Amino acid sequence: MRVLILGSGGREHALAWAIARSPRCEKVFCAPGNAGTAGVGENLPLDLGKFDAVVAAARLHKIDLTIVGPEGPLCAGIVDRFEREGLRIFGPSKAAARIEGDKGYAKKLMRSAAVATAEGRVFDRYEEARDYIAARGASVVLKATGLCAGKGVFVCPDPKEALVALEDVMVRRIFGDAGKTVVVEDLIKGEELSVFALIDGHTIYTLDTAQDHKRVGEGDTGPNTGGMGAVCPAAIGTEAVLSKVDREVFVPVVDAMMRDDVPYRGLLYAGLMITPGGPKVLEFNCRFGDPETQALLVRMNCDVLSVLESVVDGKLADADIRWDPRPAVTVVMASGGYPGPYATGKVIEGLDTVSRLPDVHVFHAGTEFVEKKVVTTGGRVLAVTGIGRTISEARERAYGAVDCIRFEGAFCRRDIAAVAGRR
Ligand code: GLY
């Protein structure tokens, strides 16, 4: 099969790597890809906002299956367009992707399906949201309802911070129309867990759990990022928690969507808070998480291409999914300044050395080739992943590789999976 992967981050490099290992894979294309995906297959310089060009490339390269990485094209309807053209594609329809693209819709869906989530209200008028926050006088989480590249959620222990964020989002429109409507919800405390489920419209298969480290600073301090590292599986994702998540989150949500004539097909990501009262949903995403996917895919000991194809074909019940029992840890190496402004074009050294290390995979996120050298192009640059018999061993492998890689301004968190490793 000829497979096209849409996207250019660490998640897409990990998907390309996993798919290329399938005995059924003839060639992998990645659009637009990065320096890492260029080493797995062929990069196509496409703008994912221009569906005509993406469809034309899929036809030109005789693509049998397209897999969508990021939420943007999914929420803009790329799956509907491919299906209209008779092209096979992995991911939810535009209507189903609203579960990520419209947080107000997700909140209403959870309410109608009786899924445990933070108490919250949706506002489309600034004054009403402002008066609600002021009258409550308590810690809240403010969310712009549209897509904001992971930056639209404000955790505000002090309501004054929430009022400032509200003005930024609804009045100054720092996210444009994505901030026309907001959700204001209670701040819930606990430990975060990412759970991904493959869903083919009716069958649900919950994958091993993962834990992301979203803050830029050690000890979970500083601003939120796209994710600075991950561990898979997560210790708090016990059998008991997972079966509760299946019964009380995925099944009712998938059923409610089916009842609304919006069947879900693709990967559904539940961002959960594990509280003393049980798991509560913080958010849904309509695609694989990044960097959790990097730690997850290195543990999938099966034909990932066939598994994803079974989702597209509505045959997930027949899929043969197997796991490497060993845990994996992913450490993100980022550009100095990230998640604020940062420089790019820095030459990365040491990649050859780490390519020879056992049980280490370096997935590229923000990189490209310039004059045969790999240089930085983004905030998150590399997702360095180690596997080991224990989390401590996986960490040692990942950090051992990190220490061999150099680029100007590079930094990473040194405490990824540290708590998990001590458990
Ligand atoms: N790791 C967080 C996300 O993918 O949204």
Side-chain angles (χ1 to χ4, degrees), residues 5-15 48 67-75 91-92 97-103 106 141 143-155 175 178 183 191-198 207-217 220 222-234 236-237 249 266-274 281-299 328-334 338-339 363-366 378-385 398 412-413 415-417 420:
I5 294 166
L6 302 182
S8 61
R11 164 184 55 204
E12 287 76 17
H13 185 191
L15 280 165
L48 300 188
I67 296 164
V68 191
E71 62 278 14
L74 292 168
C75 293
R98 270 183 86 200
I99 200 163
E100 172 165 3
D102 178 352
K103 291 186 173 36
V141 177
K143 296 177 175 173
T145 58
L147 291 183
C148 306
K151 297 191 180 130
V153 176
F154 299 84
V155 178
F175 303 121
V183 176
E191 206 173 329
E192 282 192 46
L193 179 69
S194 304
V195 186
F196 301 166
L198 292 169
L207 300 173
D208 274 5
T209 60
Q211 225 167 1
D212 186 7
H213 293 62
K214 289 207 178 75
R215 302 289 189 108
V216 74
D220 292 326
N224 262 335
T225 69
M228 294 299 292
V231 56
C232 173
I236 52 166
V249 177
L267 183 125
L268 183 59
Y269 165 153
L272 303 165
M273 189 66 89
I274 307 304
V281 177
L282 297 174
E283 62 175 5
F284 284 114
N285 294 315
C286 61
R287 36 83 194 170
F288 282 96
D290 188 339
E292 295 99 316
T293 300
Q294 292 84 314
L296 186 100
L297 285 178
V298 295
R299 298 188 52 248
V329 170
T330 295
V331 178
V332 170
M333 295 183 75
Y338 175 78
F363 297 116
H364 292 223
R380 292 192 294 175
V381 175
L382 299 169
V384 182
T385 302
C412 67
R413 273 181 65 165
D415 63 346
I416 301 301

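As the structure lists them, so they are numbered: ligands from 1, and atoms in each ligand from 1. These figures come from a predicted structure and were not determined experimentally.
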Asker: Can you sort out which atoms of ligand 1 are near Gly289, meaning under 4.0 Å from one of its heavy atoms?
Answerer: 4 (O)

Asker: Looking at every non-hydrogen atom in both residues, tell me the closest pair between Ala398 and Val329 and how far apart they are.
Answerer: CB-O, 3.8 Å

Asker: Check whether more than 12 heavy atoms from other residues, nucleotides or ligands sit under 6.0 Å from atom NZ of Lys214, and answer yes or no.
Answerer: yes

Asker: Would you call Glu100 and Arg287 a side-chain contact if the rule is heavy atoms closer than 4.5 Å?
Answerer: yes

Asker: Just which atoms of ligand 1 are under 4.0 Å from any heavy atom in Gly226?
Answerer: 1 (N), 2 (C)

Asker: Side chain or backbone, does Glu283 bring an N or O within less than 3.5 Å of an N or O on ligand 1?
Answerer: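 By distance alone, the answer is no.
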
Asker: Under 4.0 Å from any heavy atom of Asn285, which atoms of ligand 1 are there?
Answerer: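 It comes down to these atoms of ligand 1: 5 (O).
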
Asker: Are the side chains of Tyr269 and Ser194 in contact, using a 4.5 Å heavy-atom criterion?
Answerer: yes

Asker: Could you tell me, atom by atom, which parts of ligand 1 come under 4.0 Å of a heavy atom of Asp212?
Answerer: 1 (N), 2 (C)

Asker: Is Arg380 close to Pro291 at the side-chain level, that is, under 4.5 Å between some pair of heavy atoms?
Answerer: yes

Asker: With a 4.5 Å limit on heavy-atom distance, are the side chains of Val249 and Val281 in contact?
Answerer: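 With C-beta onward as the side chain, the pair touches.
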
Asker: Consider ligand 1: state whether an atom of it lies below 4.0 angstrom from any non-hydrogen atom of Phe288.
Answerer: no

Asker: Can you list the ligand 1 atoms lying under 4.0 Å from a non-hydrogen atom of Arg287?
Answerer: 3 (C), 4 (O), 5 (O)

